[in-house]
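One structure is given here, and the rest of the page talks about it.
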2 protein chains.
Amino acid sequence: MIKLGMLDEHIGFHLRLAQDVSFRAYARQAGAPHLKPGRFAAMTVIKNNPGISQIALGRAISRDKSTITPMVRELVSLGLVERVPSTIDRRSMTLTLTSAGDAMLDDLARAAEAHDRRLDEVVGDQKAVLIELLKKIEDALV
Amino acid sequence: MIKLGMLDEHIGFHLRLAQDVSFRAYARQAGAPHLKPGRFAAMTVIKNNPGISQIALGRAISRDKSTITPMVRELVSLGLVERVPSTIDRRSMTLTLTSAGDAMLDDLARAAEAHDRRLDEVVGDQKAVLIELLKKIEDALV
DNA sequence: TATTGTTATACTCTATAACTATA
DNA sequence: TATAGTTATAGAGTATAACAATA
């Protein structure tokens with residue numbers, strides 16, 4: 001049996017471990033509707049903020065603009081996102097989901113929800129507490 | 001203001017976000033005693049399980065053996081880990097920390113602890129609850 | 001001068017598969 | 001046959017820096 005030593009008391013360590021395990025379980029389960037993990041977050045942000053610029057998208061998901069460029073290009077080439085030059089700022093692009101993108105996001109949401117139902121089961125009636133604590137961490141450390 | 005939509009209710013999503021934020025904060029703060037994140041976990045496992053094989057190390061931190069090889073080589077070349085052929089199984093290597101490795105791990109532990117004290121502050125008296133929930137997730141989803 | 005987005009480039013982390021040497 | 005470890009290789013994900021166009 002492997003011992004973990006002092007790490008066992010560390011929130012940061014368990015955050016990493018739990019995220020790792022959770023993501024692997026999701027990837028195993030999702031299987032079919034394949035789209036890389038970052039894409040899901042990006043598409044969700046676009047859906048909820050139609051017309052958003054690439055820069056703003058990058059800020060929303062904490063990625064550099066140079067990371068956003070190929071990501072958006074891929075989503076556009078898959079027919080999931082539409083990319084139109086802004087009329088008010090000609091440097092800027094406006095992003096929206098296509099109807100295919102919307103449908104795909106629904107599929108992904110279903111897979112994510114199935115996964116999250118498992119997580120819900122695991123944490124039981126403590127879900128609200130857990131999410132509240134995680135949000136606190138997100139807000140405090142930015 | 002960016003809206004997140006349904007994701008906001010998902011444990012998996014907040015796990016990812018909180019881990020991301022936490023890791024970035026740690027990286028910012030750690031600054032000086034530079035060693036990549038996976039190394040910390042590896043060295044901790046070696047410290048607490050002296051003589052462990054590479055395969056067992058890989059299992060402990062959920063990495064393939066081909067990921068372990070260059071990782072161990074780096075730690076050896078930095079003088080932090082000693083790597084000795086096993087006398088009982090000649091295919092196998094035994095790993096232990098050098099005294100420099102032990103000292104380095106102490107430094108890293110201090111940085112990690114400083115970071116974790118911030119996390120502790122954020123979650124307050126809910127720390128035990130949070131760790132318990134994260135462990136539940138780790139155990140349930142393997 | 002500052003910002004949006006692209007490109008070139010590079011680095012890290014990771015795994016798969018084929019291999020060797022042992023078991 | 002199976003396991004420990006290495007190597008070659010490839011694919012994600014990410015960022016920095018230099019740049020063009022526009023503000």
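This structure is a prediction, so every number in the text was calculated from the model and none was measured.
Note: CD1 (B:I52) to P (D:dG5) measures 10 Å, nearest angstrom. Atom CZ in A:F23 sits roughly 13 Å away from atom C1' in C:dA15 (whole-Å rounding). Taking atom CZ on B:R39 and atom C1' on C:dC11, their separation rounds to 12 Å, with Å as the unit. Spacing between atom CZ of B:R73 and atom C1' of D:dA8 amounts to 12 Å, rounded to whole angstrom units. Between A:L57 atom CG and D:dT14 atom P the separation is 12 Å, expressed in whole Å. Taking atom CD on A:E74 and atom P on D:dT14, their separation rounds to 12 Å, with Å as the unit. Rounded to an integer number of Å, the gap from A:I55 CD1 to C:dT4 C1' is 5 Å. If you measure from atom CG of B:L75 to atom P of C:dC13, you get 11 Å, rounded to the nearest angstrom.
The side chain of B:Q54 contributes an N or O atom lying less than 4.0 Å from OP1 or OP2 of D:dT6. Taking side-chain N and O atoms only, A:T69 has a distance below 4.0 Å to OP1 or OP2 of C:dT6. In this structure, B:S92 reaches the D:dG5 phosphate: one of its side-chain N or O atoms is under 4.0 Å from OP1 or OP2.
Residue contacts shown for A:M93 are limited to sugar-phosphate atoms, with no base heavy atom under 4.0 Å away.
A distance-only check finds a donor-acceptor pair linking the side chain of B:T98 to the backbone of B:L80 [under 3.5 Å].
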* Per-nucleotide protein contact string for nucleotides 15-23 of chain D, where B marks a base within reach and S marks sugar-phosphate only (heavy atoms under 4.0 Å, - for neither) -> BBBB--BBS

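Residues satisfying the side-chain contact (heavy atoms from CB on, under 4.5 Å) criterion with B:K65, sequence neighbours excluded, are B:I55. Under the rule for a side-chain contact (heavy atoms from CB on, under 4.5 Å), the partners of B:R73 that lie at least two apart in sequence or sit in another chain are B:T69. Residues passing the side-chain hydrogen bond (donor to acceptor under 3.5 Å, both in side chains) test with B:Q54, sequence neighbours excluded: B:R83. Annotation: side-chain hydrogen bond (donor to acceptor under 3.5 Å, both in side chains) contacts of A:R91 (sequence neighbours excluded): A:D89.
Side-chain proximity of A:S53 to D:dT7, D:dG5, C:dG5: nearest is C:dG5.
When all heavy atoms of A:S66 and A:P70 are compared, the pair lying nearest together is O-CD, 3.2 Å.
If you find the closest nucleotide of DNA chain D to B:R83 and to A:P70, the one lying nearer the 5' end belongs to B:R83.
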Name every donor-acceptor pair, under 3.5 Å, that has one atom in a side chain of residues 123-130 of chain B and the other anywhere in the protein, sequence neighbours excluded.
{"unit_1": "B:K127", "atom_1": "NZ", "unit_2": "A:E9", "atom_2": "O", "d": "3.2"}
{"unit_1": "B:K127", "atom_1": "NZ", "unit_2": "B:D120", "atom_2": "OD1", "d": "3.2"}
{"unit_1": "B:K127", "atom_1": "NZ", "unit_2": "B:D120", "atom_2": "OD2", "d": "3.2"}

